[in-house]
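Predicted model only: the values in this text are computed from it and were never measured. By convention here, the first residue in the shown sequence is residue 1. Side chains are part of it too, since the values below use all heavy atoms of this structure and drop only hydrogens, waters and symmetry mates.
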Amino acid sequence: MDTAPAPDPTAGPVLGTRQRRAALAALLRRTAELYALDPVRYPLYREDGPRGGEDGPGGGEDAGWVWSRRGSWTPGFWSGLVRLAALTGHLPQRAAEESERRLRDRLHDDTVTRAMTFWYGAPGDAASRDAATGLLLDTREPASGLIPVGTAWGAGPGGRRRAEVDCWAPLVRLLCRPGGAHRREAHRAASVLARTALESALTEAPGGRTAVHPGLALGGPGGPAPEGPPVTAGRPFAWALLGLAECAAHLPADDERTARLAGDCARAALRMADQAAASPSADTSADAITALALLKLAAAGHPGRAAAADRLLHRLVTGHLTPDGALTGARYPVRPGVERSVESVWGAYFLAHALAVREGVPGADEV
């Protein structure tokens, strides 16, 4: 157990029970409305502003959203939202089952985002999760043992020689899933990921803050090497934090070395969590990911992190969630070189997930 002082739970307002329930209901009502608008395609994002969260999801044929037939890198988040809506009575259970079933078409996409798809989107489909685990293990870069980005979504052949922090949390959960297939190989791959995160992806920024390298080049003589400058905030930082929190909680204690590795991940995650909670991101989806990471750390017994999550959730709900359930303020490149403030399916998912865990929705804490 980490002995660092817990964050001060009185440092700012926290989200109360009534606010939490109202916010979760608004997000899931919006999910049900979008599902009714088009139960086959996947909503990706919607620019904030006149076409965005002020209009509600019913404005126009596409409701101002960018939609995808295959879901791009986000189908698991939409399936996860549909599942939460079904768990809380906003959609019928058959909608969740159908959304989960449709994900099977993504099994053979050459992309590490399959980890997101099948961890967050298919909790009831053990066979697909096992298949995804095996297929992801087959893509490991030989020298490092890491699972690379893959060639899909425009990455091309270079995606075989690059790893990113974005999918490390769901990768760890797939690889360490109790009863999952490929147990020995999967546990070894999870340990490689955790060591690489600590040794290659994290660095120290001025002032002693932790910084994250979002991407690593693979296949070089010196092992995984950082690409580009490190960041101290934003989605890459939040993804890495969530990944380390999952490593801390779920790396199997097969031996003393792995147990020490899990402890190192916990200490790094706690430092990053306190840093992120003290300096909210300009990207609301990053803060939603951070809130879930804080709840993961709280569930592992680290004091003060649930209160820190409640403060972050209060900021998101009172400052960025519209009455009709749109979480505005995520940052996303809507076209090359142009970043916009958007309502996003991933931001909505992580906020709804964190609220559902905090609310104790049965089944919400299983992913």
Side-chain angles (χ1 to χ4, degrees), residues 17 20-44 46 56-58 62-63 65 67-107 109 113-133 169-170 173-174 177-181 288 292 295-296 299 321 324-327 343-367:
T17 301
R20 184 169 63 230
R21 290 176 179 169
L24 180 59
L27 283 160
L28 298 180
R29 280 195 304 270
R30 191 170 184 84
T31 299
E33 290 166 0
L34 281 170
Y35 184 87
L37 187 67
D38 193 329
V40 176
R41 292 186 301 163
Y42 294 91
L44 302 181
R46 179 183 189 182
D62 286 334
W65 283 78
W67 296 76
S68 168
R69 182 178 60 84
R70 293 166 57 84
S72 186
W73 60 278
T74 69
F77 299 129
W78 178 242
S79 182
L81 275 170
V82 171
R83 172 179 175 264
L84 286 172
L87 286 173
T88 53
H90 291 87
L91 280 172
Q93 181 60 31
R94 66 178 180 276
E97 293 168 356
E98 175 60 17
S99 292
E100 191 171 89
R101 185 197 63 76
R102 290 171 56 218
L103 296 179
R104 296 172 190 169
D105 293 341
R106 307 276 67 78
L107 268 172
D109 293 345
T113 60
R114 284 177 288 186
M116 290 175 168
T117 297
F118 290 97
W119 181 253
Y120 297 122
D125 190 349
S128 290
R129 280 182 163 184
D130 281 344
T133 302
R173 295 302 304 272
L174 277 179
R177 184 167 60 93
L292 183 62
L295 293 175
K296 301 276 186 180
L321 187 69
D324 59 355
L327 176 63
E343 175 189 4
S344 69
V345 70
W346 59 92
Y349 171 75
F350 279 105
L351 178 56
H353 188 165
L355 291 167
V357 168
R358 201 70 179 103
E359 186 62 17
V361 173
D365 59 353
E366 295 173 7
V367 293

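When atom types are taken as modelled, the side chain of Ser128 and the backbone of Asp125 share no donor-acceptor pair closer than 3.5 angstrom. Between the side chain of Arg114 and the main chain of Asp109, a donor-acceptor pair closer than 3.5 Å is present. The backbone N or O of Ser68 lies less than 3.5 Å from no partner atom in the side chain of Ser72, so there is not a single donor-acceptor pair.
By the 4.5 Å heavy-atom criterion applied to side chains, Leu44 and Trp67 are not counted as neighbours. No side-chain heavy atom of Pro75 sits under 4.5 Å from any side-chain heavy atom of Arg70. Using a 4.5 Å cut-off on side-chain heavy atoms (C-beta onward), Trp65 and Glu343 make contact. By the 4.5 Å heavy-atom criterion applied to side chains, Arg30 and His90 are not counted as neighbours.
The CZ atom of Arg129 sits 12.5 Å away from the CG atom of Leu107 when rounded to the nearest 0.5 Å. Here the OG-CH2 distance, from Ser99 to Trp78, works out to 7.5 Å after rounding to the nearest 0.5 Å. With values rounded to the nearest 0.5 angstrom, Arg83 atom CZ is found 13.5 Å from Thr31 atom OG1. Taking CG from Leu91 and OH from Tyr35, the interatomic distance works out to 7.0 Å, rounded to the nearest 0.5 Å. Residue Leu81 holds its CG atom at 7.5 Å from CG of Leu27, rounded to the nearest 0.5 Å. In this structure, Leu327 CG and Leu321 CG are separated by 6.0 Å, a value rounded to the nearest 0.5 Å.
Pro92 and Ala86 make their closest contact through O-CB, 3.8 Å (heavy atoms, listed as atom of the first residue, atom of the second, distance). Contact detail for Ala115 and Pro170: the closest heavy-atom pair is O-CB, 3.4 Å. When all heavy atoms of Leu28 and Leu84 are compared, the pair lying nearest together is CD1-O, 3.7 Å.
For Phe77 and Phe350, the ring centers are positioned less than 6.0 Å apart.
Electrostatic pairing of Arg177 and Asp130 counts as a salt bridge here, judged by a charged N lying under 4.0 Å from a carboxylate O.
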Exercise for the section: Give the intermediate values and the outcome of salt bridge (charged side-chain N to carboxylate O under 4.0 Å, His left out) for residues Glu98 and Arg101. Expected result: CA-CA 5 Å; Glu98 175 60 17; Arg101 185 197 63 76; 2.7 Å; yes
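Judged as a side-chain hydrogen bond (donor to acceptor under 3.5 Å, both in side chains), the pairs with a partner in residues 350-367 (not counting sequence neighbours) are, in order, Arg20-Glu359, Arg21-Glu359, Asp310-Arg358, Tyr349-His353.
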Without placing hydrogens or testing angles, list every side-chain donor-acceptor pair under 3.5 Å for residues 116-124, not counting sequence neighbours.
from	atom 1	to	atom 2	distance (Å)
Thr117	OG1	Thr113	O	3.2

